[in-house]
Amino acid sequence: MKYLFALHQNSRKKVMILLLLSMIFILLYMTIGVRFDHPQLLAYAMRQRSTKVIVMIIVAFAIGAASLVFQSIINNTIVTPCLLGMNSLYSLVHTAVAFFLGTGSVFLRNSNVAFLVDLLIMGVAATFIYSYIFKKTKFNVLYVLLIGTVLTSFFSSIQNTLVRSMDPNEYDTLLTTLVASFSNINEKIILFAVVFMIGVMFALRKELAVLDVITLGKAQAINLGIDYDHTIRKLLLGVVILISIATALVGPISFLGLIVANLSRQLFWTYRHQELILGSTLIGVLVLIAGQLIVEQVYSYAIPISVFITVGGGLYFLYLLLTQGRRK
C-alpha cells in the first residue's frame, strides 16, 4: 500500500482498478466449476488452482518486466525479447542439454539443477548474441527485427534437428516442457524461481533506478553520468533471466510480453517504469487468468492458452505496426 501512495493520483486509480479486476478474476477462477459439496474434491481443486494462480502472477511479472526493460534498452515499443527469438533460444538450450546429457542425467533428474544449467547456458549465450547484435546494428529496429526473425528460424531449425535424432521416449519427456500450458506447470522449481527472481531484481536495483534516464538515449544518459554500456549489459542479462524463468515454468509464450507491455504504456501514459511494470503485471494476470478460464471451461483443455495469446498477440502486433506507420 505504501508503494501505491507513491504513484501519481491518476495512475493510482488505474492501478487500483486493475488490482480489483485481478482479484475478481482470481476469485472467479478459484470458484467456477468447483464442487463445494465434496470436501476432498474442493481441497484438490483449491490446491491445483492456487498453484496455477501463483505461477500466473510470477509469469506475468517476469514477462511484463522483461519486455518493458527490453523495449527501453532498444528504445522501441513494438520489439520484445520473444520477437527476437529468446524463447526459441531457451527451447534450443533445453533441448540441447537433454540431447547431449540425456533426460536420465543427474543434471536433468533434479528440476532445480536442470533449471540452473539451462539458465546459466541461456544467460551467457543470449547476453553475448544480443549485445553483439545491438552493437553492430546500432539499435536500428528494422535490422534488429530482421535478425531476430532469422535467429528464431535458426534456433528452431537446430532444435528440430536435435529432436528428430532423439530417442522417442526422451522426446516425449522433453515435449511436455516445451509447450506453454498452465496445466503442465513445473511445480518443483516455483520456490527456486521466486528466490532467483527476487535476487535478480535486488542485484539490478541500481540499474532499474536509472531506467527512466536510459530511455532518453545513449548520449543523454552518458552526459548524466551513467555507465551506459555496463548498465545495458546488466539489464539485458536480467531480461534473459526473467524470460528464462517464465519459460521454464510454463513453456514459451511468444506474444504475452508485447500485449502487456504496450497495453500498460497505452493505459498509463507515463515514462515511469515502476508504474509501467506494475501495470503490465496486473494486465498480464488478467490476460492469463481470462485465457485459462476459456481453456478450462469452454474448450476443456483441448487448446493450450498459448494458441489464444499467439493469435491475439499477432493481431495486436499488426495493429501496432499500422498505427505507428500512420503516426509517422
Taking the side chain from Thr215 and the backbone from Asp212, do they hold a donor-acceptor pair closer than 3.5 Å?
-> yes

Is there a donor-acceptor pair closer than 3.5 Å between any side-chain N or O of Arg205 and the backbone N or O of Phe202?
-> yes

Under the side chain to side chain contact (heavy atoms under 4.5 Å, CB included) rule, collect the residues that match up with Thr31, sequence neighbours excluded.
-> Leu27, Phe36

Within one Ile-Leu-Val-Met-Phe-Trp-Tyr cluster: Val295 and Val298, side-chain cutoff 4.5 Å | yes

How long is the gap from CD1 on Ile289 to OH on Tyr29, to the nearest 0.5 Å?
-> 8.5 Å

Mind checking whether Leu320 and Leu258 have side chains closer than 4.5 Å, heavy atoms only?
-> yes

Go through the structure and list residues passing side chain to side chain contact (heavy atoms under 4.5 Å, CB included) with Asp167, not counting sequence neighbours.
-> Asn169, Glu170

Contact list for residues 241-270, test salt bridge (Lys or Arg N to Asp or Glu O under 4.0 Å), sequence neighbours left out = none

Please, which pairs that meet salt bridge (Lys or Arg N to Asp or Glu O under 4.0 Å) have at least one residue in residues 294-310, sequence neighbours excluded?
-> Lys52-Glu296

For Gln71 and Thr77, indicate whether the former's side chain and the latter's backbone hold a donor-acceptor pair under 3.5 Å.
-> yes

Can you name the side chain to side chain contact (heavy atoms under 4.5 Å, CB included) partners of Leu120, sequence neighbours left out?
-> none

With sequence neighbours left out, which residue pairs that include part of residues 42-88 fulfil the ring pair (Phe, Tyr, Trp, His ring centres under 6.0 Å) condition?
-> Phe70-Phe134

Residues at least two apart in sequence or cross-chain that pass side-chain hydrogen bond (donor to acceptor under 3.5 Å, both in side chains) with Ser72, listed by chain then number, are His273

Does a side-chain heavy-atom distance below 4.5 Å link Leu92 with Leu162?
-> yes

Mind listing the side-chain donor-acceptor pairs of residues 229-237 below 3.5 Å, one per line with the distance, residues two or more places apart or on another chain?
from   : atom 1 : to     : atom 2 : distance (Å)
Thr231 : OG1    : Asp227 : O      : 2.8
Lys234 : NZ     : Glu207 : OE2    : 3.3

side-chain hydrogen bond (donor to acceptor under 3.5 Å, both in side chains) against Arg49, all qualifying residues, sequence neighbours excluded = none

So Tyr319 and Tyr316, would you call those rings parallel, tilted or perpendicular, with 30° and 60° as cut-offs?
-> parallel

Validation row: Val194, Ile54 side chains within 4.5 angstrom (heavy atoms) | no

Spell out, yes or no, whether Val124 and Phe128 are grouped together once hydrophobic residues are joined by side-chain heavy atoms under 4.5 Å, including indirect joins.
-> no

Connected hydrophobic set around Leu191, excluding itself, where side chains approach under 4.5 Å | Val195

Assess whether atom CE of Met46 is packed by more than 12 heavy atoms of other residues, nucleotides or ligands within 6.0 Å.
-> yes

Sequence neighbours excluded, the answer for side chain to side chain contact (heavy atoms under 4.5 Å, CB included) partners of Ile303 is Tyr299, Val307, Phe308

Heavy-atom pair with the smallest gap, counting every atom of Phe25 and Ala290 | CE2-CB, 3.7 Å

Any side-chain heavy atom of Val260 within less than 4.5 Å of one from Leu286?
-> no

With sequence neighbours excluded, give me every salt bridge (Lys or Arg N to Asp or Glu O under 4.0 Å) pair touching residues 18-38.
-> Arg35-Asp37

Minimum side-chain heavy-atom gap Phe196-Ile241 below 4.5 Å = yes

Spacing of Leu68 atom CG and Ile277 atom CD1 [to the nearest 0.5 Å] | 6.0 Å

Taking all atoms of both residues into account, what is the closest heavy-atom pair of Ser88 and Thr152, and its distance?
-> OG-CG2, 3.3 Å

Working to the nearest 0.5 Å, report the span between CD1 of Ile147 and CZ of Phe154.
-> 13.5 Å

Would you mind reporting whether Asn75 and Lys218 have side-chain heavy atoms less than 4.5 Å apart?
-> no

